[in-house]
Amino acid sequence: MRIATWNINSITVRIDRLLAWLERSGTDVLCLQELKCDAAAFPTERLREHGYEAAVHADGRWNGVAVLSRVGLTEVETGLRAGPEFDGKAEPRAVAATCGGARVWSVYVPNGREVGHPHFAYKLRWLAALKDTVAQDAAGERPFAVLGDFNVAPADEDVYDLAQFEGATHVTDVERAALEALRGTGLSDVVPRPLKYDKPFTYWDYRQLCFPKNRGMRIDLVYGNAAFAGAVKDAYVDREERKGKGASDHAPVVVDLDA
DNA sequence: ATGGCTGTCCAGGACAGA
């Protein structure tokens with residue numbers, strides 16, 4: 001089974017690219033983030049025509065997540081249990097489904113904006129709620145994974161130049177400690193291989209030639225439990241999808257599982 | 001072997017992204 005995660009940065013403007021990529025990659029299960037649409041605008045019919053069911057959690061201009069599957073889709077759950085609010089609102093940033101024998105969460109972790117900003121505290125609360133939500137499945141026997149845009153680079157080598165991130169979000173000790181606590185529930189980082197260069201970056205800013213210069217970050221992650229990680233045959237970042245006009249600023253991370 | 005931001009909402013500019 002081929003399973004992937006991709007921050008698509010608007011499913012509306014990239015639906016043709018999405019359908020072409022699904023066909024080209026042969027992906028069975030895809031976790032999507034940053035849909036930037038509401039539930040009514042989600043392209044359910046076009047995906048169904050291509051053989052994919054969808055579990056969607058979206059409410060408009062920002063955020064929005066989904067799980068697409070052509071190998072079955074059951075037990076849909078929307079939102080974290082006891083998830084925190086920002087500005088009095090629970091944003092659509094997490095959705096789970098069971099697909100082809102594996103249970104997956106598609107997550108879009110809050111950005112944090114700046115260290116010390118209320119959004120940064122929200123990010124840490126959100127990651128703590130994610131840990132509590134997934135702990136039971138992480139410790140279970142069924143293949144289970146949390147996939148998505150974590151908005152944290154787990155280690156120094158996951159950014160192109162640490163000096164550029166002095167005082168910035170995404171690389172702080174507290175954010176990394178929150179990921180470590182999440183892994184502590186029984187999850188391990190399924191690190192993909194890059195198709196070019198030495199590091200498996202998954203995001204490159206649109207500005208200043210970051211992609212051609214490979215000034216990237218690894219922030220789109222796959223955290224799998226023992227049953228999931230033990231079934232991994234291969235994992236890679238599909239940087240080809242980051243190329244060309246109309247690309248998302250994130251590339252898909254693709255994982256191949258036995259059976 | 002690719003691109004110097006981009007998408008959304010609302011009407012040129014703010015806001016968010018990371």
Side-chain angles (χ1 to χ4, degrees), chain A residues 5-18 32-43 56 58-66 85-89 91-93 106-124 126-127 148-176 178-179 194-197 199-221 237-253:
Chain A
T5 182
W6 188 17
N7 178 322
I8 195 170
N9 187 21
S10 171
I11 196 170
T12 306
V13 298
R14 252 172 287 288
I15 180 62
D16 291 336
R17 253 185 115 118
L18 169 60
L32 287 169
Q33 302 86 38
E34 278 211 85
L35 301 176
K36 291 186 171 176
C37 69
D38 58 27
F42 186 85
V56 183
D59 69 359
R61 181 176 190 184
W62 309 115
N63 314 306
V65 287
E85 297 183 342
F86 186 71
D87 273 351
K89 184 174 173 303
E91 300 170 318
R93 293 179 176 274
S106 175
V107 301
Y108 178 44
V109 177
N111 170 289
R113 298 187 190 165
E114 292 172 30
V115 177
H117 190 285
H119 209 260
F120 189 79
Y122 167 58
K123 180 180 195 173
L124 298 177
W126 201 94
L127 284 167
D149 178 355
F150 282 71
N151 271 318
V152 181
D156 289 353
E157 64 262 30
D158 294 317
V159 297
Y160 69 93
D161 178 7
L162 196 59
Q164 300 295 315
F165 291 86
E166 176 121 18
T169 59
H170 294 62
V171 298
T172 66
D173 289 343
V174 285
E175 289 167 284
R176 289 175 174 173
L179 289 195
L195 294 183
K196 188 179 179 183
Y197 305 122
K199 293 175 181 174
F201 296 147
T202 65
Y203 162 85
W204 300 262
D205 196 296
Y206 282 125
R207 292 166 287 192
Q208 295 166 322
L209 293 172
C210 281
F211 182 63
K213 293 176 177 172
N214 199 34
R215 294 180 177 170
M217 306 172 72
R218 186 173 78 94
I219 54 174
D220 299 273
L221 308 176
V237 181
D238 188 358
R239 72 185 301 283
E240 296 302 308
E241 180 52 41
R242 179 62 179 79
K243 294 180 178 177
K245 191 175 174 63
S248 169
D249 44 1
H250 296 250
V253 177

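In what follows, chains carry the letters A, B, and so on, assigned in the order in which the sequence lines appear, proteins first and then strands, with residues in each chain numbered from 1. Every heavy atom of this structure was used, including side-chain atoms; hydrogens, water molecules and symmetry mates were not. The shown structure was predicted, so the numbers you read here are calculated from the model rather than taken from an experiment.
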At under 4.0 Å, does any side-chain N or O of A/Asn9 touch on OP1 or OP2 of B/dG7?
no
Distance check needed: B/dA16 C1' versus A/Glu114 CD, whole Å only.
12 Å
Just how far, in rounded Å, is C1' of B/dA18 from CG of A/Asn111?
5 Å
Taking the side chain of A/Gln208 as its heavy atoms from C-beta onward, which of B/dG17, B/dC5, B/dA18 lies nearest to it?
B/dC5
At 4.0 Å (heavy atoms only), tell me whether A/Phe165 reaches a base, stays on the sugar-phosphate, or touches nothing.
nothing
For a quick check under 3.5 Å, do A/Thr5 and A/Gln33 share a side-chain donor-acceptor pair by atom type?
yes
Looking at A/Tyr108, does any N or O in its side chain come under 4.0 Å of the phosphate oxygens OP1/OP2 on B/dA18?
yes
Just to be sure I understand the rule, does A/Ser10 reach a base, reach only the sugar-phosphate, or reach nothing, if contact means heavy atoms closer than 4.0 Å?
sugar-phosphate
Under 4.0 Å, heavy atoms only, any strand: does A/Thr12 hit a base, just the sugar-phosphate, or nothing?
sugar-phosphate
At less than 4.0 Å, is any side-chain N or O atom of A/Arg113 found next to OP1 or OP2 of B/dG17? Yes or no.
yes
Remember a base hit wins even if backbone is also touched, and classify A/Phe120 as base, sugar-phosphate or nothing at under 4.0 Å, heavy atoms.
nothing
Mind checking the C1' distance from B/dC10 to B/dC15? Whole angstroms is fine.
12 Å
Measure from the side-chain heavy atoms of A/Pro212 and tell me the nearest of B/dG3, B/dG17, B/dA16.
B/dG3
A/Asp205 CG to B/dC5 C1', in whole Å, measures 7 Å
Taking atom P of B/dG17 as reference, at what distance in whole Å does atom NE2 of A/His117 sit?
9 Å
Considering only atom C1', compute the distance from B/dG3 to B/dT8 and round it to an integer number of Å.
24 Å
Tell me whether the OP1 or OP2 atom of B/dA18 has a side-chain N or O from A/His119 closer than 4.0 Å.
no
Need to verify one output field. Residue with the more 5' nearest nucleotide on DNA chain B, A/Lys243 or A/Leu35?
A/Lys243
Between B/dT6 and B/dG12, how many Å separate the two C1' atoms, rounded to a whole number?
16 Å
Rounded to the nearest Å, what distance is computed from the CD1 atom of residue A/Ile8 to the C1' atom of nucleotide B/dG17?
16 Å
Which is more 5' along DNA chain B, the nucleotide nearest A/Lys196 or the one nearest A/Asn7? Just name the residue.
A/Lys196
Within-4.5 Å side-chain heavy-atom neighbours: A/Tyr203 and A/Asn7
no
Whole-Å distance between B/dC10 P and A/Lys36 NZ?
15 Å
List the atom of A/Leu124, the atom of A/Val174, and the distance in Å for their closest heavy-atom pair.
CD2-O, 3.9 Å
Nucleotide nearest A/Val13 when distance is taken to its side chain, options B/dT6, B/dG7, B/dA18
B/dG7
With a 3.5 Å cut-off and no angle check, do the side chains of A/Lys36 and A/Asn9 form a donor-acceptor pair?
yes
Looking at every strand, decide which applies to A/Gly112 at a 4.0 Å heavy-atom threshold: base, sugar-phosphate, or nothing.
nothing
Given atom CD of A/Glu240 and atom C1' of B/dA1, what is their separation to the nearest angstrom?
10 Å
Passes ring-ring contact (aromatic ring centres under 6.0 Å, His included), A/Phe165 versus A/His170? Steps please.
CA-CA 8 Å; A/Phe165 291 86; A/His170 294 62; 7.8 Å; no
Please state the C1' separation for the pair B/dA18 and B/dG7 - nearest whole angstrom.
15 Å
Evaluate salt bridge (Lys or Arg N to Asp or Glu O under 4.0 Å) for A/Arg176 paired with A/Asp158, printing each intermediate quantity in order.
CA-CA 12 Å; A/Arg176 289 175 174 173; A/Asp158 294 317; over 6 Å; no
Parallel, tilted or perpendicular: which describes the rings of A/Phe211 and A/Trp204, with under 30° parallel and over 60° perpendicular?
perpendicular
Base, sugar-phosphate alone, or nothing: which one does A/Asp149 contact when heavy atoms must sit under 4.0 Å apart?
sugar-phosphate
What is the distance from CH2 of A/Trp204 to P of B/dA18, rounded to the nearest Å?
14 Å
For A/Arg14, report the nucleic acid contact type (base, sugar-phosphate, nothing); a contact means any heavy atom under 4.0 Å.
sugar-phosphate
For A/Arg242, answer base if it contacts any base atom (sugar-phosphate contacts may also be present), sugar-phosphate if it contacts only those atoms, and nothing otherwise; contact means non-hydrogen atoms under 4.0 Å.
sugar-phosphate
